[in-house]
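Proteins come first, then strands; the chains are lettered A, B, ... in the order of their sequence lines, and each starts at number 1.
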Amino acid sequence: MNCKPELIETHRYCAEVANELESRWQSAWSADNLNVIGNPGDADFDSSKPKFYCLDMFPYPSGAGLHVGHPVGYIGSDIISRFKRMQGFNVLHPMGWDAFGLPAEQYAIETGIHPAETTRKAIDTFRGQLQRIGFSYDWSREFATIDPEYYKWTQWIWLKAYSAWFDPTLKKARPITSLIEGLDCGEVKPTHGKWQDFSEDEKTLYINEQRLAYLGEQIVNWCPKLGTVLANEEVIDGLSERGGFPVVRRPLCQWMFRITSFADRLLEDLEDLDWPQSTLRMQAEWIGRSEGADIDFSIDGSDASIRVYTTRPDTLFGVTFIVLAPEHPIVNELIESPPEQCDGNALDDYVTQARNRADVDRMADAKGKSGVFSGLYATNPATGNCIPVWIADYVLMGYGHGAIMAVPAHDQRDHAFAEAHDIEIIEVVKSKTNETFSITDKCFSGKGVAVNSASEYISIEGLDTNEAMQKIIAWLVENNIGVAKVNYRLRDWLFSRQRYWGEPFPIVFDAKGNHYPVEESHLPVVLPNLENYTPAESEDPTPLLGKATDWLHTTAGEAGVDPELLCPDTPVTREANTMPGWAGSCWYEIRYCSPQCNDRFVASDAENYWMGNGVDLYIGGAEHAVLHLLYARFWHKMLFDLGEVSCNEPFQKLFHQGLLTSFSFQRTNKSLVPSDQVEERDEKFFEIATGEEVERVIAKMSKSLKNIVNPDDIISQYGADTLRLYEMYMGPLEASAPWNTRDIVGVHRFLQRVWRLCTDEHTGKMHASLQDAPDNTIERALATTIAKVTHDIPKLAYNTAIASMIEFVNTATSTSKLTADQLNQFVRLLAPFAPHIAQEIFAKLGGDGYIDVAEWPTFDPEKLIADKVELPVQIMGKVRGRVSVSTNASDEEIEKAALSDPNIRVLLETLTIKKIIIVPNKIINIVAN
RNA sequence: GCCGAAGUGGCGGAAUUGGCAGACGCGCCGGAUUCAAAAUCCGGUUCCCGUUAAGGGAGUAUGGGUUCGAGUCCCAUCUUCGGUACCA
């Protein structure tokens, strides 16, 4: 007898077999362009078929390569894409690279290697790793944001915004020429003065101020030593996170986007989107629309006044002080000539300190409620009372007018400040429900009834909050003190960076500082090479591209400025700032429709077909819930208004995949131990160095914790199909779950059993045992599985779909009565999840062509209905027995069956039946006592 | 602080509208097979009491409530994770 182990193992589904067949089919798919999809107008493209545009958030290709967390969302999108293809959809499923960004630039600073070189290399690594997982991307549509043919159009879109304004009457973006025409013919009035009286320079200035992309001053965190601007989170206590150098907050003139003009539409249009509730809410809160009033407080002994914004004008009688942000314009004047009661030096110190603190730090000592008295007094217009003006950093310059009317009785922060600085607290709103409430202990910020709210000027005494607000606003307007106002938290978008590795702006400046756009024919403005990438130490913010002097200084003609605007030999300076990382990701979903189009940013008919009502499914991490998704929506709306795209919203349905976490180990003092320094003994974990027991906890995958898992390793051990299946089987796609290498064997064994259903492991041949006549149990199990998988895939409930397939295979294995046709149907169900093994078995069964284009199995609903059903019988909600009845039995029959059950009969002997509840095909509950 | 999400066996997780809690997988236990082991196949596996069994009790973070019936609905509390803006 021959029992050499290697012979027995030869035809078992294992890593070698998986890897062999996976590479073989991947090559075949690629050679036959299986996943290349055409566009409307192409010879073999059927545009009468429904479309499904399934998009992944494209990755930033880091030098470290993929880890197993990256593919989670990609596997999810691949499954539904393959499913839709089998259901007869035209599926657009592309992939590309978000390739501008800081890490490559940092690396270039350290090594001198051009970011393009490292980025291209990283892209190759990523592409290779993704392809090995067997995704059905149409790689012919691949592009990177750093491709000049791509960023040419990023620059072009920016020019569109530069050449547009927001028409407040039509509530949409329009070409800037329509503004100029409107102003010239008097249809549009400037916000101040008469257009005819404007000088040419004033006119230009005014027009420039109206552009959707405009130059504005913004405060930035400048670190002179590092020669760079830092993000808020990179600044800790006024020092740079990297190196600990001083950081100053100072204004800088930069390109901005007028996203605030679109605030209303960005908010309203959220309603029609099929997005996670939590994300919709986060976007809405970020936009932060509020209704209230602007109110002017006159300063005593001066003609000037302070304008504040409030959401609660009804609390005007309770205003006992005013607070200005340290950055408020009046504060500068105070420092220069301090009033009598104001300590100018102390104020100067406070303002300097506050200005250089990040908002995060201001937030940190919320309890301190620091502030300085300004020496000024203002008048409360409702009471005529004289109230002090304070300066405190809990008021931010970036919101409202940088000044507030403080109502300590009804605002948490004002209350804390008043307590700290001994300022009067006057209650002006009484809660309708909580009568025993004491305003000296804490504030009441809800709505209620106005009290203490009458004076010789106006009374709102006894009015409900809403009525009170209306009445006081009417009075404010009548007396020219204030006006109703809608306010947004959203600020205009700062779009300049002083970096190298980003898209250059297609714009130049003349000697006087006037700006001129580069004409489309001269796009792209290509990023010049630099000798080295280290920023220069400097007191003034300087863009890195300023080093490329040859490129920087040119002539209008060479740069491509319209000769009618500027004589071609005029010397000009190029814009040396670059666009931020967000730029490329703001419109990539559009470009995928026709990535090779070179006469337009997208071919209209392709955009029309694929974008239709927007991307049908957009999968990506929740960390992009606000910024990326808001910015992309803004660009899309702008392009829609200007007639460049056909729909109003880019992403119809959005899904966030969960974070893939990993295990880590924690000492008793809560510090973490890298995973390679821990050993497992008897299901307990010990730190090797100390022998101390450590606790296994969930943590993010990180280099320092040594708990990163590389998909390549998993594939070489089990194959790509096992990796795909495991990542989807771990739990719901939207939930975070810890990677546990131990569990992978489960799905691998499942694939082995699938393999064994048709393959003799000794010979590698097809089983002769496949039946001809279908068995009823198997038929029903198969129908159930088809129903479950077909139902679960559109919900992206892959874990339960896989569980039902496992159940089917277990049934098929234990009965061994499967027919070739049943197996064929089953592998078609499996194909979206584990495409390679499914394809191999499909081919072995004599399937025609590729399984990817085979038909999705259907089932006869009749087969799902059993003729008998077992019902649990409860007495007072506890299961005491079970009866078997026919599915269509009447309530009387069921009741009779339940009461005649011996167990039930015994139990009921001492009880009186009050009621019997029968839930059809579910349960019987006898109410008795 | 505020907002959002979530707490179910030893572990990952199942559970249409309130209707048999623990599907499926891992791990563990037992059996078949084997000289033996691996692999495979079959069976068991929430906890407690019941020496086995029949059976009983408890149980979905905690404490209340609604209901014939609650993992699911309501109120309060605790814990964890994610987001963040002292937003007037």
Checklist entry - Taking for each residue the nucleotide of RNA chain B with the nearest heavy atom, is it A:Ile744 or A:His401 whose nucleotide lies nearer the 5' end? => result A:Ile744
Checklist entry - Taking the same atom, P, in B:U8 and in B:G63, what whole-Å distance lies between them? => result 16 Å
Next on the checklist: Run the salt bridge (charged side-chain N to carboxylate O under 4.0 Å, His left out) test against A:Arg780 and tell me which residues pass, sequence neighbours left out.
Outcome noted: none
Item to check | Nearest listed nucleotide, side chain of A:Arg489, among B:G13, B:G27, B:C87 | outcome: B:C87
Checklist entry - Which listed nucleotide (B:C87, B:C24, B:G25) is nearest to the side chain of A:Asp743? => result B:G25
Checklist entry - Where does the angle between the aromatic ring planes of A:Trp739 and A:Tyr726 fall among parallel (under 30°), tilted (30 to 60°) and perpendicular (over 60°)? => result perpendicular
Next on the checklist: Can you tell me how the ring of A:His624 sits relative to the ring of A:His628, calling it parallel under 30°, perpendicular over 60° and tilted otherwise?
Outcome noted: perpendicular
Checklist entry - Which one, B:U40, B:G4, B:C87, comes nearest to the side chain of A:Ser278? => result B:G4
Checklist entry - A:Arg880 has an atom CZ; how far is it from atom C1' of B:G57, in whole Å? => result 10 Å
Checklist entry - C1' atom, B:G69 versus B:U17: distance in rounded Å? => result 15 Å
Quick one: which protein N/O atoms are closer than 3.5 Å to N/O atoms of nucleotides 41-45 of chain B? Pair and distance per line, please.
residue	atom	partner	partner atom	Å
B:C41	OP1	A:Arg756	NH1	3.1

Checklist entry - Can you tell me how far P of B:C2 sits from CZ of A:Arg413, to the nearest Å? => result 13 Å
Checklist entry - Would one find a side-chain N or O of A:Arg281 under 4.0 angstrom from OP1 or OP2 of B:G83? => result no
Next on the checklist: Expected output is a numbered-order residue list: members of residues 796-806 of chain A with a heavy atom under 4.0 Å from any atom of RNA chain B. What is it?
Outcome noted: A:Asn799, A:Thr800, A:Ala803, A:Ile806
Checklist entry - Hey, what's the ring geometry for A:Trp390 with A:His421, parallel, tilted or perpendicular (30° and 60° as the breaks)? => result tilted
Next on the checklist: Can a side-chain donor-acceptor contact be found between A:Asn487 and A:Ser290 if the only test is distance below 3.5 angstrom?
Outcome noted: no
Checklist entry - How close or far is atom P of B:A88 from atom CZ of A:Arg289, stated in whole angstroms? => result 13 Å
Checklist entry - A:Gln277 has an atom CD; how far is it from atom P of B:A5, in whole Å? => result 9 Å
Checklist entry - Given that A:Ala735 and A:Met405 both sit by RNA chain B, which one's nearest nucleotide is further toward the 5' end? => result A:Ala735
Checklist entry - What distance, rounded to whole Å, do you find between the two P atoms, one in B:G13 and one in B:C81? => result 15 Å
Checklist entry - Considering only the P atoms, how many Å lie between B:C24 and B:U80, rounded to the nearest integer? => result 34 Å
Checklist entry - Taking CD1 from A:Ile875 and P from B:G56, how many angstroms apart are they, rounded to a whole number? => result 11 Å
Item to check | Quiz item: A:Tyr729 side-chain donor-acceptor pair to B:C24 base, under 3.5 Å | outcome: yes
Checklist entry - Which whole number of Å gives the distance between the C1' atom of B:A61 and that of B:U67? => result 23 Å
Checklist entry - Would you call B:G59 syn or anti, using the 90° rule around 0? => result anti
Item to check | Closest heavy-atom pair and its distance - A:Asp393, A:Ser370 | outcome: OD1-OG, 3.6 Å
Checklist entry - For A:His748 and B:C24, what is the distance between atoms NE2 and P respectively, to the nearest whole Å? => result 21 Å
Next on the checklist: If the condition is salt bridge (charged side-chain N to carboxylate O under 4.0 Å, His left out), which residues does A:Arg413 pass it with, not counting sequence neighbours?
Outcome noted: A:Asp411
Checklist outcome for this item: Output for pair (A:Phe750 CZ, A:Asn810 CG), nearest 0.5 Å, gives 8.5 Å
Checklist entry - Does A:Val429 offer a backbone N or O that forms a donor-acceptor pair with the side chain of A:His410 under 3.5 Å? => result yes
Item to check | Non-hydrogen atoms of A:Val885 and A:Ala897 that approach each other most closely | outcome: CG1-CB, 3.9 Å
Next on the checklist: Can you check the distance between B:C28 and B:U34, where both ends of the measurement are the P atom (answer in whole Å)?
Outcome noted: 24 Å
Checklist entry - Side chain of A:Val745: nearest nucleotide among B:U40, B:C26, B:A88? => result B:C26
Checklist entry - Which class fits the ring pair A:Trp493 and A:Tyr631: parallel under 30°, tilted 30 to 60°, perpendicular over 60°? => result parallel
Checklist entry - Can a donor-acceptor pair be found between the side chains of A:Thr260 and A:Tyr488 at a distance below 3.5 Å? => result no
Next on the checklist: So, taking the atom named CD1 in A:Ile894 and the one named CG in A:Leu899, what distance separates them when rounded to the nearest 0.5 Å?
Outcome noted: 12.0 Å
Restricting to nitrogen or oxygen on both sides, can you table the protein-nucleotides 16-22 of chain B pairs closer than 3.5 Å?
residue	atom	partner	partner atom	Å
B:G19	N2	A:Asn925	ND2	3.4
B:C20	O2	A:Arg882	NH1	2.9
B:C20	O2	A:Arg882	NH2	2.7
B:C20	N3	A:Arg882	NH1	3.2

Checklist entry - Once Watson-Crick and G-U wobble pairs under 3.5 Å are found, how is RNA chain B written in dot-bracket notation, 5' to 3', with | for any base paired to another strand? => result (((((((..(((......[....)))((((((.......))))))((((.....))))..(((((..]....))))))))))))....
Item to check | Length of the line joining A:Ile287:CD1 and B:A85:C1', which is rounded to integer Å | outcome: 14 Å
Next on the checklist: If you compare all heavy atoms of A:Leu725 against all heavy atoms of A:Phe833, which two are closest, and at what distance to 0.1 Å?
Outcome noted: CD1-CB, 3.7 Å
Item to check | Inter-nucleotide P distance (B:U33, B:C42), Å rounded | outcome: 15 Å
Next on the checklist: Keeping A:Gln283 on the side-chain end and A:Ala625 on the backbone end, is there a donor-acceptor pair under 3.5 Å?
Outcome noted: yes
Checklist entry - Out of B:A88, B:G56, B:C87, which has the shortest distance to the side chain of A:Arg491? => result B:C87
Item to check | Steps toward side-chain contact (heavy atoms from CB on, under 4.5 Å) verdict (A:Leu267, A:Leu490) | outcome: CA-CA 11 Å; A:Leu267 183 64; A:Leu490 184 69; over 6 Å; no
Checklist outcome for this item: With the side chain defined as heavy atoms from C-beta on, A:Asn740 is closest, among B:G56, B:C11, B:A88, to B:C11
Checklist entry - Just how far, in rounded Å, is P of B:G4 from NE2 of A:His656? => result 15 Å
Next on the checklist: If I pick the P atom on B:A54 and the same atom on B:G4, what distance separates them, to the nearest angstrom?
Outcome noted: 50 Å
Checklist entry - Which part of the nucleic acid, if any, lies within contact of A:Glu807, taking any heavy atom under 4.0 Å across all strands shown: a base, the sugar-phosphate backbone alone, or nothing? => result sugar-phosphate
